[in-house]
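None of these values were measured; they are calculated from a predicted model. Atom set for the values below is all heavy atoms of this structure, side chains included, hydrogens, waters and symmetry mates excluded.
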Amino acid sequence: VTFNFIRPPDRRVSIKSRLLEATDDTIVLATELSPSKGVHYLGESVMSVGFWAVWFLFKGRPFDVGRVYRPDGTWTGYYVDILEPVYWEGSDPNTLQPLTDLFLDIWIAPDRNYMILDEDEFEEAVRLGHITPTQTSHARNVLQELVEATERKDFPPTLVREFRLE
């Protein structure tokens, strides 16, 4: 499955992924990662070029969640993108609409501690008018909801937490 990932105002990336599952409510994809910058947690690289992720998309929800793995298969944690709500038709992953990234991200470590990422990029996008006031408010609200759910241990969703490589 190939889908588009849009970062306002005009960065568009096509991402080729291996489809693991598609239902009316969820799409699960495996993707090799090539992030523009890596993620470090407690001084250790937990997401970098050559790592890979199993991504979970939930229809109508304003985020995706990736279970991130090192090349040797060691799970390092969860990466969450704050997005415009995700949509596709029926259970057809080929109808997945482009994902619009709203800059804010969350890293959730296996110990359930978390870090908010890219706040500087978000503030710059707001300042430059790359995202609308509605998108700005939406992103902040979604971030707050996900942080609160993470602190309650209600996030990531059960499907993501219980996923195991076979």
Side-chain angles (χ1 to χ4, degrees), residues 1-8 11-36 39 41 46-47 51-69 75-119 121-122 125 131-132 134-166:
V1 172
T2 300
F3 65 94
N4 289 308
F5 195 83
I6 299 170
R7 192 153 216 215
R11 189 173 125 212
R12 186 182 200 103
V13 178
S14 289
I15 301 173
K16 186 172 182 160
S17 298
R18 185 165 49 108
L19 178 65
L20 301 180
E21 180 181 336
T23 69
D24 286 346
D25 302 315
T26 310
I27 294 176
V28 183
L29 306 163
T31 306
E32 185 171 345
L33 301 175
S34 55
S36 56
V39 176
Y41 177 71
V46 292
M47 185 170 144
F51 285 44
W52 56 283
V54 175
W55 291 103
F56 297 81
L57 305 173
F58 300 92
K59 189 178 283 179
R61 302 305 310 266
F63 59 84
D64 62 17
V65 183
R67 285 184 63 98
V68 178
Y69 298 87
W75 174 57
T76 62
Y78 307 102
Y79 190 90
V80 182
D81 291 296
I82 307 297
L83 307 168
E84 289 286 336
V86 178
Y87 290 104
W88 63 90
E89 295 176 22
S91 61
D92 183 359
N94 293 308
T95 63
L96 178 62
Q97 295 178 8
L99 303 181
T100 301
D101 182 36
L102 297 177
F103 296 89
L104 293 171
D105 304 306
I106 307 170
W107 174 259
I108 305 171
D111 65 10
R112 302 301 289 263
N113 286 309
Y114 64 90
M115 301 184 306
I116 298 168
L117 306 172
D118 301 332
E119 289 177 290
E121 294 175 16
F122 175 77
I131 59 176
T132 68
T134 300
Q135 288 173 313
T136 300
S137 175
H138 165 77
R140 286 182 174 138
N141 290 338
V142 171
L143 177 66
Q144 185 62 37
E145 290 170 15
L146 295 181
V147 162
E148 289 172 4
T150 299
E151 290 174 348
R152 288 191 313 269
K153 300 193 180 338
D154 293 337
F155 188 83
T158 302
L159 173 68
V160 178
R161 290 192 319 266
E162 293 180 355
F163 177 85
R164 298 294 176 259
L165 293 173
E166 296 179 2

Tell me, do [X] and [Y] make a side-chain contact under 4.5 Å, heavy atoms counted?
| X | Y | value |
| --- | --- | --- |
| W55 | S17 | no |
| V86 | I27 | no |
| V80 | Y114 | no |

Distance-minimising heavy-atom pair for [X] and [Y]:
| X | Y | answer |
| --- | --- | --- |
| L57 | W88 | O-CH2, 3.7 Å |
| D105 | I82 | OD1-N, 4.1 Å |
| A22 | S91 | CB-O, 3.5 Å |
| L143 | I116 | CD2-CG2, 4.0 Å |
| V160 | R67 | O-NH1, 3.1 Å |
| P85 | G60 | CB-O, 3.7 Å |

Checklist entry - Among side-chain atoms of R161 and T158, is any donor-acceptor pair under 3.5 angstrom? => result yes
Interatomic distance, [X] atom [atom1] to [Y] atom [atom2] [nearest 0.5 angstrom]:
| X | Y | atom1 | atom2 | value |
| --- | --- | --- | --- | --- |
| I6 | L83 | CD1 | CG | 11.0 Å |
| F63 | I106 | CZ | CD1 | 9.5 Å |
| E84 | T100 | CD | OG1 | 5.5 Å |
| N4 | Q97 | CG | CD | 11.5 Å |
| F122 | T136 | CZ | OG1 | 5.0 Å |
| I108 | T150 | CD1 | OG1 | 3.5 Å |

Would you check if the side chain of [X] reaches a backbone N or O of [Y] as a donor-acceptor pair within less than 3.5 Å?
| X | Y | answer |
| --- | --- | --- |
| D64 | D81 | yes |
| T76 | V68 | yes |
| N141 | S137 | yes |
| K59 | T23 | no |

Next on the checklist: Going by salt bridge (Lys or Arg N to Asp or Glu O under 4.0 Å), D101 matches just one of R11, R7, R12. Which one?
Outcome noted: R7
Next on the checklist: By the definition side chain to side chain contact (heavy atoms under 4.5 Å, CB included), identify the one residue from L19, T31, D92 that meets it with V1.
Outcome noted: L19
Checklist entry - Is atom CD of E21 surrounded by more than 12 heavy atoms (other residues, nucleotides or ligands) closer than 6.0 Å? => result yes
Checklist entry - Should the heavy atoms of other residues, nucleotides or ligands under 6.0 Å from CZ of R140 be counted, would the total exceed 12? => result yes
Next on the checklist: Using 30° and 60° as the class boundaries, would you call the ring planes of Y78 and W75 parallel, tilted or perpendicular?
Outcome noted: perpendicular
Next on the checklist: Can you classify the ring geometry of W52 versus Y69 as parallel (below 30°), tilted (30 to 60°) or perpendicular (above 60°)?
Outcome noted: parallel
Checklist entry - When the aromatic ring centroids of F51 and Y79 are compared, is their separation below 6.0 Å? => result no
